[in-house]
Amino acid sequence: MVNKNPSDILPDKIYQRDEIILEALKISNVTYDRAVCVSEINEFLTDKQRAEICGSSPTTVSSIIARNLHRLLEMDRVLKAGQLSRRIYYASREVYTVENVRLPEKVTSCRRRVLRMVEEAVEQGGRALRLCEILDYAADFQELQGYSLKMIGKSVHSLLESGNLKIVKTVRGDGRGLSLYLPAAYEASAYLPESPATWLEFVMSVFREIWNRHVAEAEGGRRKIAPVTTDEIRVAVAATNRFPEKMRDSWALLNALQGLARTRNPSLKKIRRPNLILLFWIPVEVDESEIETADKYICDTERIGEAVRRACLRLGRPVKLKEVAAEIERDALLKPVFPSRLRIRLSHLTRKHSRSLNGVKYLRVRWQVHRTGKINGEAHFYHQDLPAADNYVVYRQTVSDWQKLQPLRQLDSIKSVHSPLIALGRIRSLLQQADTVLTRLDQFGDAHTPLGIDEAEIEVFREQVSQVAGAAAHLLEIYAPEFPESPLEVKCELRGWTGKAVLQTIKDFCFETYKINKKTTGHSLKHAKLQRFRNPEFTDSTDYNPRFAAEYIYDETDAKIYIAKQWGGLECRLQAIFAHSELGLLRDSRFVLPALVSDDYNVRLAAVACLAFLPPSEINASALRERALNDIDAGVRQSALWAYGFVQGEKAEDLVMEIMIQDRSRQVREFAGTLAGHRGNFWYAF
Amino acid sequence: MKDTQPLGLKLQFPQRGTEKIIETATMREVIKRTLAIHPGNSLWYGMTRIGKTTTARYAVEKIYEAYSANNPDAFRAVHYETGALARSSNDQKRGIKSLYNATLGRIDEGLYHKDLTETLVQELVYGLKRKNIGMVFIDEAGNMSLEAIRGMLMAHDAAKNMGHALSLIFIGMDDLPVKVTKLPQVNGRIQEWCYFEAYSLEETAELLSELHPHFANLEISNPADREQFQLIYDLYGGFPGHIIPLIRKIERYQAVNPEPITPVYLKTIHLRTALDKANSINRSREIYTNDLFAEDARRQKPSRKGAA
């Protein structure tokens with residue numbers, strides 16, 4: 001059928017379209033058993049019929065039906081039963097007459113239904129509602145069955161625009177509505193929610209309660225206000241038993257607080273102190289200067305870290321364990337809760353890496369305390385990773401190492417050395433040490449000044465060292481010309497023993513082993529002022545091999561002399577005393593070997609004792625053997641024989657037997673007889 | 001006698017030569033007696049400047065010259081002077097320490113404080129045995145306390161037990177002999193006592209002859225020569241310690257301005273020193289009043305705590 005221009009439509013003519021509509025009206029009337037509206041007529045059209053009705057017209061079917069029905073009404077072909085709201089209800093004359101046509105029961109609009117629903121919900125809840133709550137209520141509201149949530153939501157906004165609903169308050173939402181709605185006829189003050197409507201509002205209310213309490217306490221105590229911690233809020237929330245589903249999520253509270261602090265209109269302000277886990281929360285309008293954060297720590301790690309920080313700031317330099325402990329004593333709030341040893345805790349704090357449960361090593365994000373190094377075996381810590389802090393340790397260790405050398409005493413004792421060549425070696429060694437120290441001091445320029453040390457102190461120390469170097473240089477002028485062929489540089493490499501090796505040596509020959517354990521020996525070794533130096537093979541203190549686990553090891557010669565003097569027999573002790581007074585800090589046997597052929601028996605005796613305690617070598621051993629066999633003095637032969645065995649020279653037992661039989665001195669033969677059978681570390685016991 | 005050198009000091013250092021010890025009969029006698037009782041302890045006593053220290057050093061020198069490593073009976077000797085040891089509760093140990101330091105070298109202070117006295121003695125004797133030191137001359141022994149001397153004698157006893165022959169010779173003045181006899185344990189261990197007397201005129205003449213060629217050319221039987229010997233003997237009492245400086249002065253002045261050595265010459269040299277000494281003493285007495293002397297005496301008063 002060709003759609004005609006409306007102006008061409010004859011008013012009285014029934015077109016095909018009209019017939020379709022009339023037929024649908026009839027069916028609809030019969031079905032509904034009453035007058036029907038356009039949409040109800042449309043329900044009974046097939047798609048083909050709809051296509052016929054619309055044709056090529058862009059107008060909707062409902063509009064065309066409505067227009068045609070209007071024309072048919074004028075033609076008196078249909079009845080207009082009535083109008084409800086905006087809908088006109090029609091009836092077919094073939095089905096109804098004017099007298100018996102029925103309209104549907106009074107129909108309420110969605111808006112009206114929604115309004116009714118909101119009123120009912122408000123009455124039931126006793127307060128204004130958010131949109132999400134309205135929608136939740138609508139799900140069970142009978143009258144709105146069949147209405148989509150979108151429709152209901154639109155109706156709410158429509159009612160708001162028309163003034164049937166009003167917004168009485170906005171709340172912190174959780175994505176499900178910020179406004180509280182109330183029917184316009186209701187008094188707002190009577191229906192404002194007494195308790196927080198949302199999780200965020202609830203958290204905020206709990207925060208306010210705690211904050212007000214802190215403010216009251218601060219005013220009473222005339223001090224700054226203590227901020228609120230996450231833990232305080234957590235405890236308060238848990239006590240209310242509200243929002244249990246939120247409390248089951250360990251991150252919910254923190255996320256809520258973060259949300260309250262991070263929005264464009266924040267209510268809270270978050271305070272985080274550097275390197276500390278514990279967060280503080282204050283109202284956004286409060287200034288940080290009004291609050292006191294000093295006494296709040298989440299765990300012992302933070303307390304100890306804070307103690308280190310305060311100690312460092314107080315003293316202006318890296319601090320050691322005792323100073324950290326003293327700082328903790330000053331403030332009871334810094335005292336750790338759990339009774340682990342402070343040394344262990346600090347050790348944990350300084351670790352850069354940690355291990356997960358499955359053993360994977362990872363870099364720690366929060367690294368509070370930095371271990372700057374050791375001074376005299378005592379670890380030092382600083383709260384920041386600063387080169388100046390490391391330089392402090394280097395400087396102090398340098399000073400300590402220098403003082404341990406006892407340079408003035410060394411200078412003084414050089415005059416009593418029997419052998420001039422050994423004296424020369426000691427002078428050169430002292431000069432080298434002084435040069436090393438001065439070179440190290442030179443690195444502390446302007447940009448590398450150690451923390452807590454002023455330049456004047458460094459200059460004073462430099463002057464002291466220079467004076468010693470000057471005195472040694474003066475002595476060198478006296479001794480050096482006598483030995484033009486002597487080495488110009490002294491070998492300073494030291495051979496080291498671990499504490500365990502020292503202990504084992506003692507236990508091998510000392511009968512009082514029950515008195516000697518790691519603790520007592522370690523204690524006495526520490527106080528014996530044995531020369532120690534950094535172990536070049538050190539890797540990790542937890543290494544199973546003690547050679548790699550020891551950060552510092554003892555000078556072998558010093559250790560031997562110490563053991564000999566403390567626990568050695570008469571011969572051993574005598575030789576140790578000779579060696580100690582002769583050698584000083586000299587460890588280079590090139591200055592000792594020539595003294596073996598001196599005319600002075602005192603010099604030869606001292607040289608033998610020195611070689612016994614210097615690190616053993618084939619050259620030293622063979623020189624001792626030669627003296628034991630050929631020296632003119634019986635005393636020197638005896639000493640050399642013992643020394644040869646002590647350094648565990650090759651076939652020492654055979655040499656002993658040989659001398660026991662063939663030496664020209666009865667005294668030496670008897671002495672060799674007493675040596676026979678000694679092996680290993682038992683030479684110490686002789 | 002005036003110095004005739006032109007004005008302007010022209011400094012000339014005295015010639016330093018090796019000190020020559022003149023062996024005298026007294027020295028020979030004392031040394032022989034001391035060696036005769038080896039290993040035995042001796043006490044040498046005499047006034048100051050009488051030659052005790054010189055004798056000891058001479059003995060050490062002779063022993064050194066005679067020493068031979070091939071002689072099993074040979075031994076070495078050491079001479080040293082002790083300082084004043086302040087009294088303490090353990091003087092015996094301090095005596096041993098003194099002996100140790102002089103013969104073996106500086107003792108380890110840690111061991112000194114830690115070890116018992118007997119242990120230290122044992123170590124000392126072991127070291128002496130090793131160095132074959134058989135005789136130790138302890139000079140100025142009058143400075144030491146009786147307990148310190150007793151401690152040293154412990155070393156002698158320990159040496160006997162350890163098969164080492166050790167003789168200790170205590171040399172001194174002051175109250176050394178009286179002190180030693182106070183304790184039988186000490187007195188009984190001194191086997192020889194040597195008293196150094198002043199030289200006689202003849203011995204003085206003999207000494208002077210050895211010291212300077214001028215006196216070597218004199219004859220004591222000649223009255224004129226005897227006058228010089230007598231003058232020196234009267235002035236210096238036969239004490240070698242006083243005579244030898246005179247000889248040095250004679251040599252010094254003779255080197256600058258040779259003159260005949262006459263009694264007047266000798267007296268002049270002596271008086272130059274003696275008069276200046278008397279004038280110095282008299283003048284110092286005038287300057288320092290009695291109050292100042294009293295103050296000085298008060299300062300020198302021993303403290304109540306007893307340490308001398």
Side-chain angles (χ1 to χ4, degrees), chain A residues 409 412-413 415-419 524 527-530 561-562 564-584 599-606 608-609 630-643 663-671 686, chain B residues 39 60-61 63-80 96-134 136 155 158-159 161-166:
Chain A
R409 192 173 173 181
D412 187 50
S413 64
K415 297 164 196 166
S416 60
V417 170
H418 287 104
S419 167
S524 67
H527 289 277
K529 299 180 183 176
L530 295 183
I561 290 174
Y562 175 75
K565 281 201 226 173
Q566 292 293 320
W567 295 284
L570 279 175
E571 178 70 35
C572 184
R573 187 184 271 201
L574 180 71
Q575 300 265 21
I577 290 169
F578 286 165
H580 180 64
S581 63
E582 196 75 7
L583 272 177
D599 292 334
D600 187 348
Y601 85 99
N602 280 311
V603 172
R604 297 200 307 278
L605 205 59
V608 163
N630 301 322
D631 195 278
I632 189 173
D633 191 89
V636 175
R637 291 203 301 278
Q638 287 176 65
S639 296
L641 180 61
W642 177 87
D663 193 277
R664 54 187 178 276
S665 163
R666 181 179 62 86
Q667 188 179 347
V668 176
R669 291 198 300 274
E670 283 176 3
F671 180 79
F686 191 75
Chain B
V60 170
E61 200 179 296
I63 291 170
Y64 177 78
E65 285 173 10
Y67 183 82
S68 168
N70 295 322
N71 183 354
D73 296 326
F75 56 85
R76 297 186 176 98
V78 170
H79 167 260
Y80 81 101
I96 293 164
K97 183 180 178 181
S98 169
L99 201 55
Y100 194 113
N101 284 347
T103 54
L104 301 183
R106 188 179 291 180
I107 194 171
D108 186 285
E109 287 294 329
L111 295 177
Y112 170 73
H113 289 291
K114 189 186 83 144
D115 285 343
L116 297 172
T117 308
E118 306 84 71
T119 310
L120 285 177
V121 167
Q122 206 177 11
E123 284 173 18
L124 168 64
V125 171
Y126 193 90
L128 292 174
K129 195 175 173 183
R130 176 54 49 85
K131 285 196 167 187
N132 203 11
I133 294 172
V136 182
N161 291 336
M162 290 169 72
H164 178 59
L166 178 66

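All of these numbers come straight from a predicted model, not from anything done at the bench. Every chain is numbered from 1, with letters handed out A, B, ... down the list of sequences.
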Taking atom [atom1] as the centre, does [X] end up with more than 12 heavy-atom neighbours from other residues, nucleotides or ligands that are less than 6.0 angstrom away?
X      : atom1 : result
A:R664 : CZ    : yes
B:N71  : CG    : yes
B:H164 : NE2   : yes

Which pair of non-hydrogen atoms, one from [X] and one from [Y], has the smallest distance, and what is that distance?
X      : Y      : answer
A:I632 : B:A69  : O-CB, 3.1 Å
B:K131 : A:F578 : CE-CZ, 4.0 Å
B:R130 : A:G635 : CD-O, 3.1 Å

Is [X] close to chain B through its backbone or its side chain, or both, or neither, when contacts mean heavy atoms under 4.5 Å?
X      : result
A:Q575 : side chain
A:I577 : side chain
A:E571 : both

Which distance, rounded to the nearest 0.5 Å, do you find between the NZ of A:K565 and the CG of B:D115?
11.0 Å
So, do B:K129 and A:L570 sit near enough that their side-chain heavy atoms are less than 4.5 Å apart?
no
Within a strict 4.5 Å, meaning less than it, do heavy atoms of the B:N132 and A:D633 side chains meet?
no
For B:Y126, does the six-membered ring have the charged nitrogen or CZ of A:R573 within the cation-pi criterion, i.e. under 6.0 angstrom from the centroid and within 45° of the normal?
no
Side chain / backbone / both / neither for B:L124 at chain A, heavy atoms under 4.5 Å
neither
